[in-house]
Amino acid sequence: MVSIRPDEISSIIRQQIESYDQTVTVSNVGTVLQVGDGTARIYGLEQAMAGELLEFEDGTIGIALNLEEDNVGAVLMGTGLDIQEGSTVKATGRIAQVPVGEAMIGRVVDSLGRPLDGKGDINTSETGLIESMAPGIVARKSVCEPMQTGITAIDAMIPVGRGQRELIIGDRKTGKTAIAIDTIINQKSEDVICVYVAIGQKASTVAQVIRTLEENGAMDYTIVVAANANDPATLQYLAPYTGATLAEYFMYKGKATLIIYDDLSKQAQAYRQLSLLLKRPPGREAYPGDVFYIHSRLLERAAKLSDNLGGGSMTALPVIETQAGDVSAYIPTNVISITDGQIFLSSDLFNSGFRPAINAGISVSRVGSAAQTKAMKKVAGKLKLELAQFAELEAFSQFASDLDTATQSQLSRGQRLREVLKQPENSPLAVWEQVAISYAGLNGYLDEVAVEKVTKFTMGLRNYIKTSKARFTEIIGVEKTLTDEAESLLKEAIEEYKQAFAA
């Protein structure tokens, strides 16, 4: 038996007293009262904050949305099948945030910034709040730079500027995503970071979009945020905010960014699902009363920052799906009132073979013309008016048996202009190409070309200018305006190619 001397005992006690740490850790812990359908009600989290991350016993993460007198309503970012009533929930003290940084470029992530592409972990130590304040008036600058989409119909008639919010709206299967993808592909030489947010889509559809971006070399400057149709409603609701946070990081670094929300109809549906399960009162079309706020606080984050803040920009192209072309429904009218214009896609035009199926009559850009290139503004200023008049005349001429020469001429010109604006998918055009074909169509150079040969003519004309009149492409590319020299070169090119084409 070993005996311990009293002085040894006192020295041990003294060491213990000296090393005693008085810090007290206070953790906010609650108990699950009820769980199911992707939501949970928790008792005891008196200190919980709105939007705070909660950690359940099984490792599931939730977000506190309803802060009520006697319980907290939370939405789950998983199935929650292993969460049991009576289990404990810990408040993390952190508002929802995601990793941000250069390392995110080229990656496919979920609504929490976790990689989905099998390329390993994302090495970044920076994070950004999913919900952050939009820049105020003083922090902003007027939209003054073009965001070239590469689609002639848009860049000529409904131009988009950097920092603008332009809605893409139309029925299912009318080419909304195609416009968004073409715009991303067109940023290859524009030094723009792109974020594509896929909300509630089939995984196979998202995979196809990623494949298209990879084939066109666009993933080198693009981040894809995917919350697929089989993901919990919470992730579908959060995905656009995550995308905005990723884009904001680069905007505040002084870079130009483009974000596509495809589509916000599905985000609204996911939010409606969450709200009804949390027993929030339903309003019009069963949407909760704050459904306008979820979209407005998201889209207000798009901005062109002032020079003092680096002059970065975030251009938002939200997508909304309509039912049978009904733009007066609840969600479409909400988003139309938040954005700076809309590109309306018509199923009738799409089915008749006019693609992109842009209805020039009700499509509008309330900002972009201020940022449109001078060359395009000079050439295409009257294009929208001509097409609108043609559409009216076309409808009228169906009932008329005999038309005067002027009307026939206008109808003939309109048919050719419509052909000029047809453009295949994934083939955005440079500014000089758009200027050349718009000029040819609006100034009567195509009047003698058969309607069915217009597309072939414009394609050949672009190739001819590229090889024989390279000076024209240089002037438009550098000076961004149609100088007298450029115009004379363009006229020469059209006349020369027209003779060759007719031969």
Side-chain angles (χ1 to χ4, degrees), residues 36-40 51 62-63 65-66 73-80 96 110-112 130-131 165 167-174 176-177 180 195-206 209 224-244 259-299 301 316-339 342 344-345 347:
D37 296 320
T39 64
I63 295 182
L65 277 193
N66 274 24
V75 291
L76 310 177
M77 294 192 197
T79 58
D110 69 2
S111 301
L112 295 176
I130 285 181
E131 296 266 14
R165 301 155 300 182
L167 172 63
I168 301 171
I169 185 168
D171 284 6
R172 187 170 173 272
K173 295 288 178 188
T174 51
K176 300 186 298 297
T177 301
V195 180
Y196 177 77
V197 185
I199 311 156
Q201 298 183 34
K202 291 187 295 185
S204 59
T205 305
V206 179
V209 166
V224 175
V225 180
N228 299 332
N230 61 339
D231 285 338
T234 315
L235 294 182
Q236 293 182 45
Y237 158 63
L238 286 178
Y241 299 105
T242 298
I259 184 160
I260 314 285
Y261 303 112
D262 193 7
D263 66 67
L264 292 186
S265 307
K266 293 189 177 71
Q267 189 213 11
Q269 287 159 15
Y271 186 64
R272 172 169 63 182
Q273 182 181 326
L274 295 176
S275 298
L276 293 174
L277 288 168
L278 288 170
K279 298 196 168 49
R280 292 184 175 181
R284 179 177 164 188
E285 293 178 31
Y287 287 103
D290 64 340
V291 73
F292 180 92
Y293 179 55
I294 74 161
H295 287 153
S296 63
R297 72 177 189 255
L298 170 69
L299 292 168
R301 290 164 75 172
L317 296 182
V319 177
I320 286 287
E321 185 181 302
T322 53
Q323 306 292 328
D326 183 13
V327 291
S328 62
Y330 189 31
I331 301 302
T333 51
N334 274 357
V335 183
I336 284 171
S337 67
I338 299 165
T339 49
Q342 69 274 348
F344 180 74
L345 301 177
S347 51

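Position 1 is the first residue of the sequence; numbering continues from there.
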Rounded to the nearest 0.5 angstrom, the CG-CG distance for Leu238 and Leu274 is 8.5 Å

Value for OG1 (Thr333) from CD1 (Ile338), rounded to nearest 0.5 Å, stands at 9.5 Å

_Heavy-atom check, side chain of Leu298 versus side chain of Tyr241, under 4.5 Å_ = yes

Taken to the nearest 0.5 Å, the spacing of Gln269 CD from Leu264 CG works out to 11.0 Å

Here the gap from Leu278 atom CG to Gln273 atom CD, rounded to the nearest 0.5 Å, amounts to 10.5 Å

| request: Might you work through the side chain to side chain contact (heavy atoms under 4.5 Å, CB included) test for Lys266 and Tyr237, ending with a clear yes or no? | output: CA-CA 8 Å; Lys266 293 189 177 71; Tyr237 158 63; over 6 Å; no

So CD1 of Ile168 and OG1 of Thr174: to nearest 0.5 Å the spacing works out to 10.0 Å

Exercise. What's the verdict on side chain to side chain contact (heavy atoms under 4.5 Å, CB included) for Asp231 and Asp110, showing C-alpha distance, side-chain angles and the deciding distance?
Worked result: CA-CA 10 Å; Asp231 285 338; Asp110 69 2; 5.8 Å; no

Minimal heavy-atom distance between Phe344 and Gly325, with the atoms involved, is CZ-O, 4.4 Å

More than 12 heavy atoms from other groups under 6.0 Å of CG on Asp290: yes

Shortest non-hydrogen pair, Ala239 vs Ala227, comes out as CB-CB, 3.8 Å

Exactly one candidate in Leu345, Asp326, Thr322 meets side chain to side chain contact (heavy atoms under 4.5 Å, CB included) with Asp171; the answer is Thr322

Smallest heavy-atom separation, Ala180 atom then Ile260 atom, equals CB-CG2, 3.5 Å

Handout entry: Thr39 vs Leu76, side chain to side chain contact (heavy atoms under 4.5 Å, CB included): CA-CA, chis, key distance, verdict
Key = CA-CA 6 Å; Thr39 64; Leu76 310 177; 5.8 Å; no

Rounded to the nearest 0.5 Å, the CD atom of Glu131 sits from the CZ atom of Arg301 at a distance of 6.5 Å

Residue Arg172 excluded, over 12 heavy atoms near CZ under 6.0 Å | no

- Task: State, yes or no, whether a side-chain contact exists between Tyr196 and Val209 at a heavy-atom distance under 4.5 Å.
- Result: yes

Those residues at least two apart in sequence (or on a different chain) that pass side chain to side chain contact (heavy atoms under 4.5 Å, CB included) with Gln342 are Leu167, Ile169, Ile336, Val364, Arg366

Sorted by chain and residue number, the side chain to side chain contact (heavy atoms under 4.5 Å, CB included) partners of Asn334 (sequence neighbours excluded) come out as Val291, Phe292, Tyr330, Ile331

Item to complete: Just do the side chain to side chain contact (heavy atoms under 4.5 Å, CB included) check on Ile320 and Val327 with the steps written out, would you?
Response: CA-CA 10 Å; Ile320 286 287; Val327 291; over 6 Å; no

- Query: Any side-chain heavy-atom pair from Ile199 and Asp263 closer than 4.5 angstrom?
  - Reply: no

Sorted by chain and number, sequence neighbours left out, salt bridge (charged side-chain N to carboxylate O under 4.0 Å, His left out) with Lys176 holds for none

Scanning both residues in full, the closest heavy-atom pair of Ala203 with Asn228 reads CB-ND2, 3.7 Å

Of all heavy-atom pairs linking Ile130 and Ser111, the shortest is CD1-O, 4.2 Å

When Arg272, Gln236, His295 are each screened for side-chain hydrogen bond (donor to acceptor under 3.5 Å, both in side chains) with Gln267, the one that passes is His295

Between Ile259 and Ala244 the two heavy atoms that sit nearest each other are CD1-N, 3.4 Å

Are the side chains of Pro288 and Tyr271 in touch, meaning some heavy atoms are under 4.5 Å apart? yes

